[in-house]
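Working notes, structure below.
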Amino acid sequence: MNAFRLKKYAGAVFSLLTVLVAGWFLVGYTSKAPAVRPNIIYIYADDLGYAELGCYGQQKIRTPHLDQIAREGIRFTQHYTSMPVCAPARCMLLTGRHGGHSYIRGNYEMGGFADSLEGGQMPLYPGAFTIGRMLQQSGYRTACIGKWGLGMANTTGSPNEQGFDYFYGYLDQKQAHNFYPTHLWENGKPVPLNNPVMDVHRRLTPETATPEAFAYYRGKDYAIDKMAQKAQAFVRENKNRPFFLYLPFTVPHVSLQAPEAAVQAYVGKFNDQAYLGQRGYASTPYPRATYAAMITYMDKQIGALMQLLKELKLDDNTIVMFSSDNGTTFNGGVEAAYFKSVGNLRGLKMDVYEGGIREPMIARWPGKITAGKITDHVSVQYDLLATLAELVGYQKPFVTDGISFLPTLLGQSAKQKKHAYIYWEYPEKGGQLAIRMGNWKAVKTDVRKNRNDPWELYDLSKDESETTNLAASHPDLLKQFDAIVAREHVPAHINDWEIINPKTTVLTKQ
């Protein structure tokens with residue numbers, strides 16, 4: 001960990017927060033807390049595309065337990081991530097800010113891939129108001145089990161310093177490229193696993209692609225098993241008090257790695273050709289079968305967790321939600337086109353087109369959420385903070401860009417507020433902007449190269465695939481989008497993320 005760099009960026013937050021308060025929407029829910037506070041489980045997949053669950057039309061990959069959650073609850077058809085890559089999406093989910101206001105706006109990497117260089121990503125600033133912190137203040141026992149990506153154990157971004165009583169999993173996203181790591185982290189300490197050291201980015205050649213060479217990428221302790229076990233243990237330990245379990249699984253993010261039995265269940269079904277690491281990450285003789293197996297394996301663990309809730313008689317008082325941080329990836333041997341992973345949507349991970357940001361979202365709460373419901377309410381993951389605040393009756397004021405979608409969950413559509421627009425400001429892949437306003441979707445790419453390039457404009461009600469650019473016919477709308485950017489953008493605290501005013505001076509502590 002580079003201490004100088006941490007000190008430099010941690011200090012910037014104080015002046016940044018002063019600026020952000022002026023731009024954020026102040027919210028305070030004064031409703032009384034429910035008589036019986038529900039348990040909350042939020043499951044977050046990693047790089048799972050919009051159409052990779054059976055309930056969203058997937059034909060090749062089996063997801064029976066998630067499909068059952070959808071049948072017994074509600075399915076959202078127009079739900080979005082806050083950002084099309086890992087760390088900022090997670091930050092915005094937990095803090096309720098969008099890309100123009102968030103402290104973390106990109107995957108700012110620290111350290112390297114080797115265990116000795118493990119450094120994580122840019123850490124959250126001290127005392128950030130997160131969902132975990134809000135629920136702690138509301139009397140909940142909180143846990144994050146899975147991938148964090150917002151700071152190492154010895155930084156201000158440690159999950160134990162950001163509202164979570166318990167943490168188990170990967171702190172560093174780069175370590176999460178390997179599903180058979182040498183260790184995972186538990187409450188600030190590394191816990192060894194029974195796996196050898198391996199370089200999952202080591203490539204094979206046709207000459208070296210032997211069964212023994214492929215076996216190099218397999219270990220004994222599969223990280224998803226360990227996470228699932230810890231999740232069940234947390235539920236058992238807290239069955240007599242309200243709990244919040246944030247479960248950010250690392251499936252199906254590459255590397256393509258899964259237990260042999262899970263892979264064999266799909267071998268022979270997809271006309272697989274060996275993947276030798278030519279687009280990064282681990283090699284595998286069955287990339288399609290392994291990808292499908294990873295998703296089905298996660299689904300199996302979710303099914304076991306749902307069964308545990310029933311066994312402990314917690315089922316009726318637990319709301320379970322499931323979504324993903326961004327669209328399907330484009331590398332590591334994943335074939336999004338083969339699986340029709342994003343349906344007919346345009347773009348993949350790292351794109352602000354629909355395929356990169358529209359996500360599956362299902363929720364189940366027996367007796368509270370009507371079974372079999374489908375909603376087209378337009379929502380975004382930075383709404384979750386406001387939603388859970390309303391759910392638990394949180395009474396203190398806080399700042400957020402989100403709007404609670406609790407009325408939609410509970411079938412109270414007349415009470416559901418709607419976004420005037422949803423805003424994305426993504427500093428990577430050349431710099432990108434997107435705004436959804438009603439059915440209109442405006443997009444800019446390569447913003448770093450030319451901030452004044454024209455908008456692309458799509459009517460999602462008629463053109464969900466974003467194929468027909470209507471910008472030339474609606475100059476009045478384009479002016480509105482320009483005004484939204486001017487209103488919603490607050491300067492980033494590092495110039496690496498500043499795409500609107502790239503010559504802006506980096507904010508420093510006053």
Side-chain angles (χ1 to χ4, degrees), residues 1-2 5-6 8-10 12-13 16 19-20 44 46-47 80-113 119-125 128 147-152 155-157 162 170-177 248 253 280 324-327 329-331 347-353 356-357 359 380-382 401 422-434 443-449 451 485 488-504 506-507:
M1 180 60 61
N2 187 319
R5 183 179 288 174
L6 286 179
K8 174 182 176 184
Y9 296 127
V13 68
L16 174 70
V19 177
L20 293 185
Y44 207 34
D46 197 349
D47 293 5
Y80 292 94
T81 181
S82 310
M83 195 66 87
V85 289
C86 295
R90 291 154 204 275
C91 177
M92 296 173 200
L93 172 80
L94 292 175
T95 63
R97 279 80 161 182
H98 64 48
H101 293 158
S102 181
Y103 184 71
I104 305 294
R105 305 188 189 187
N107 280 337
Y108 196 98
E109 301 293 347
M110 320 281 274
F113 287 102
Q121 290 67 46
M122 179 176 287
L124 273 175
Y125 55 87
K147 185 169 97 172
W148 179 244
L150 299 174
M152 292 297 292
T155 74
T156 59
Q162 294 292 348
Y170 297 98
L171 289 173
D172 187 337
Q173 292 174 174
K174 298 184 294 301
Q175 297 286 315
H177 293 184
H253 194 297
S324 174
D325 64 344
N326 48 250
T329 195
F330 46 84
N331 60 9
L348 296 170
K349 177 180 180 177
M350 295 187 72
D351 293 321
V352 295
Y353 294 108
I357 57 176
E359 303 305 325
V380 62
Q381 288 170 9
Y382 60 76
D401 296 307
I422 299 176
Y423 182 77
W424 292 269
E425 182 184 308
Y426 177 44
E428 297 171 343
K429 199 179 179 181
Q432 302 173 58
L433 295 170
V443 174
K444 278 193 181 188
T445 58
D446 292 322
V447 176
R448 287 188 185 279
K449 186 183 298 182
R451 167 74 176 82
V485 175
E488 295 299 335
H489 173 73
V490 169
H493 68 96
I494 59 170
N495 275 333
D496 286 3
W497 292 338
E498 186 53 63
I499 62 173
I500 304 303
N501 303 303
K503 294 183 179 180
T504 300
V506 176
L507 296 173

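- In this structure, R90 pairs ionically with D46, as a charged nitrogen and a carboxylate oxygen lie closer than 4.0 Å.
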| query | After noting the C-alpha distance and the side-chain angles of D496 and Y108, does the key distance pass the side-chain contact (heavy atoms from CB on, under 4.5 Å) rule? | reply | CA-CA 9 Å; D496 286 3; Y108 196 98; 3.3 Å; yes
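- Here the closest heavy-atom approach between residue P123 and residue I104 is recorded as O-CD1, 4.1 Å.
- Between the K174 side chain and the M110 main chain, a donor and an acceptor come within less than 3.5 Å of each other.
- Listed here is the closest heavy atom pair of S324 and Q381: O-NE2, 2.8 Å.
- Remark: the backbone N or O of E498 is not paired with any side-chain donor or acceptor of R105 at under 3.5 angstrom.
- Between the Q162 side chain and the Y125 main chain, a donor and an acceptor come within less than 3.5 Å of each other.
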| task | Determine, step by step, whether F330 and M350 satisfy the side-chain contact (heavy atoms from CB on, under 4.5 Å) criterion, reporting the C-alpha distance in whole Å, the side-chain angles of both residues, the deciding distance to 0.1 Å, and the verdict. | result | CA-CA 9 Å; F330 46 84; M350 295 187 72; 3.7 Å; yes
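- Atom CE of M83 is separated from atom SG of C91 by 9.0 Å, given to the nearest 0.5 angstrom.
- In this structure, Q432 contributes its side chain and V447 its backbone to no donor-acceptor pair below 3.5 Å.
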| task | List the steps and the verdict of side chain to side chain donor-acceptor pair (under 3.5 Å) for D172 and Q121. | result | CA-CA 7 Å; D172 187 337; Q121 290 67 46; 3.0 Å; yes
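- Closest heavy-atom contact between Y423 and Y382: N-OH, 3.4 Å.
- Judged by distance alone, the side chains of E425 and H98 never bring a donor and an acceptor atom under 3.5 Å apart.
- Summarising the geometry of T81 relative to A89, their closest heavy-atom pair is OG1-CB, 3.7 Å, with the distance given to 0.1 Å.
- Contact between M152 and G119 at its shortest, heavy atoms only, is CG-O, 3.3 Å.
- Of the possible polar contacts, one joining the E359 side chain to the G327 backbone as a donor-acceptor pair under 3.5 Å is found.
- Going from atom OG1 of T156 over to atom CE of M122 covers 10.0 Å, rounded to the nearest 0.5 Å.
- Between H177 and H253, the ring-plane angle classifies as parallel under the 30° and 60° cut-offs.
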| request: Could you walk me through whether L93 and D325 pass side-chain contact (heavy atoms from CB on, under 4.5 Å), step by step? | output: CA-CA 9 Å; L93 172 80; D325 64 344; over 6 Å; no
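- Distance check: I357 CD1 to L348 CG gives 12.5 Å after rounding to the nearest 0.5 Å.
- Contact between A87 and G149 at its shortest, heavy atoms only, is CB-O, 3.6 Å.
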| message | Before you tell me yes or no, could you show the steps for Y426 and L433 under side-chain contact (heavy atoms from CB on, under 4.5 Å), namely the whole-Å CA-CA distance, both residues' side-chain angles and the distance that decides it to 0.1 Å? | response | CA-CA 6 Å; Y426 177 44; L433 295 170; over 6 Å; no
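- Rounding to the nearest 0.5 angstrom, the gap separating the CG atom in N326 from the CG atom in D47 is 4.5 Å.
- Residues S102 and M92 meet the side-chain proximity criterion, which asks for heavy atoms closer than 4.5 Å.
- The six-membered or imidazole ring of H101 lies away from that of H489, with a centre-to-centre distance of 6.0 Å or more.
- For the atom pair T155 OG1 and L124 CG, the distance stands at 8.5 Å (nearest 0.5 Å).
- Separating the CG atom in D351 from the CH2 atom in W424 is a distance of 13.0 Å, to the nearest 0.5 Å.
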